[in-house]
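Every heavy atom of this structure was used, including side-chain atoms; hydrogens, water molecules and symmetry mates were not.
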Amino acid sequence: QVVLVESGGGLVQPGGSLRLSCAASESIFSFNRMGWYRQAPGKQRELVASISRGGSTDYADSVKGRFTISRDNAKNTVYLQMNSLKPEDTADYYCNAIIALGSVIGYWGQGTQVTVSS
């Protein structure tokens, strides 16, 4: 069983920064891709950023240039550095990991809340 645990959320003012962490219960090389999703009240869950096993990254247009996804393989952890935060970034943020071996299997963390407000 794969367990993903997010941390680092909180309340910040517009223009502030947060770093989210996603700690996995096993080597992140087990996964073909890991990413961060977010879901705001009344809205669909959307992909924010992702990183492949090889290190390639992708970002939603709304966060490009402000957010950075990275990883520490020794710590089995993926990070999301969020800078220049805006009120519209307010959401629950979820870590996701995908294994593709004959079929695609996905895992989700419990989520961490991010609130951007003055």
Straight-line distance of [X] [atom1] to [Y] [atom2], nearest 0.5 Å:
X	Y	atom1	atom2	answer
Gln113	Leu11	CD	CG	10.5 Å
Ile28	Asn73	CD1	CG	4.0 Å
Leu20	Leu18	CG	CG	6.5 Å
Gln39	Asp92	CD	CG	7.5 Å
Cys95	Trp36	SG	CH2	5.0 Å
Ile99	Arg33	CD1	CZ	14.5 Å

> Any ion pair linking Asp58 and Lys64 (charged N to carboxylate O, less than 4.0 Å)?
Replying inline: no

> Is the number of heavy atoms from other residues, nucleotides or ligands within 6.0 Å of CD (Gln44) greater than 12?
Replying inline: no

> Counting heavy atoms not belonging to Gln110, are there more than 12 under 6.0 Å from its CD?
Replying inline: no

> Hey, is the main chain of Arg53 close enough, under 3.5 Å, to the side chain of Arg71 for a donor-acceptor pair?
Replying inline: yes

> Quick one: does Arg66's side chain have a donor or acceptor within less than 3.5 Å of a partner on Ser84's backbone?
Replying inline: yes

> Can you find a heavy atom in the side chain of Leu4 that is under 4.5 Å from one in the side chain of Met34?
Replying inline: yes

> Got Pro87 and Ser117 here, is their nearest side-chain heavy-atom distance under 4.5 Å?
Replying inline: no

> If you look only at pairs with a residue in residues 74-118, which of them pass as a ring pair (Phe, Tyr, Trp, His ring centres under 6.0 Å), with sequence neighbours excluded?
Replying inline: Tyr37-Trp108

> Would Tyr59 end up clustered with Ile98 when hydrophobic side chains under 4.5 Å apart are linked, directly or stepwise?
Replying inline: no

>> Assigning hydrophobic clusters by single linkage (Ile, Leu, Val, Met, Phe, Trp, Tyr; side-chain heavy-atom cutoff under 4.5 Å), is Ile105 placed with Val3?
In response: no

> Please, which pairs that meet side-chain hydrogen bond (donor to acceptor under 3.5 Å, both in side chains) have at least one residue in residues 6-30, sequence neighbours excluded?
Replying inline: Ser17-Asn83, Glu26-Ser30

> Of the options Leu85, Thr115, Asp89, Thr90, which is the one that meets Val12 in a side chain to side chain contact (heavy atoms under 4.5 Å, CB included)?
Replying inline: Leu85

>> Name the residue from Val63, Val114, Leu47 that meets the side chain to side chain contact (heavy atoms under 4.5 Å, CB included) definition with Arg38.
In response: Val63

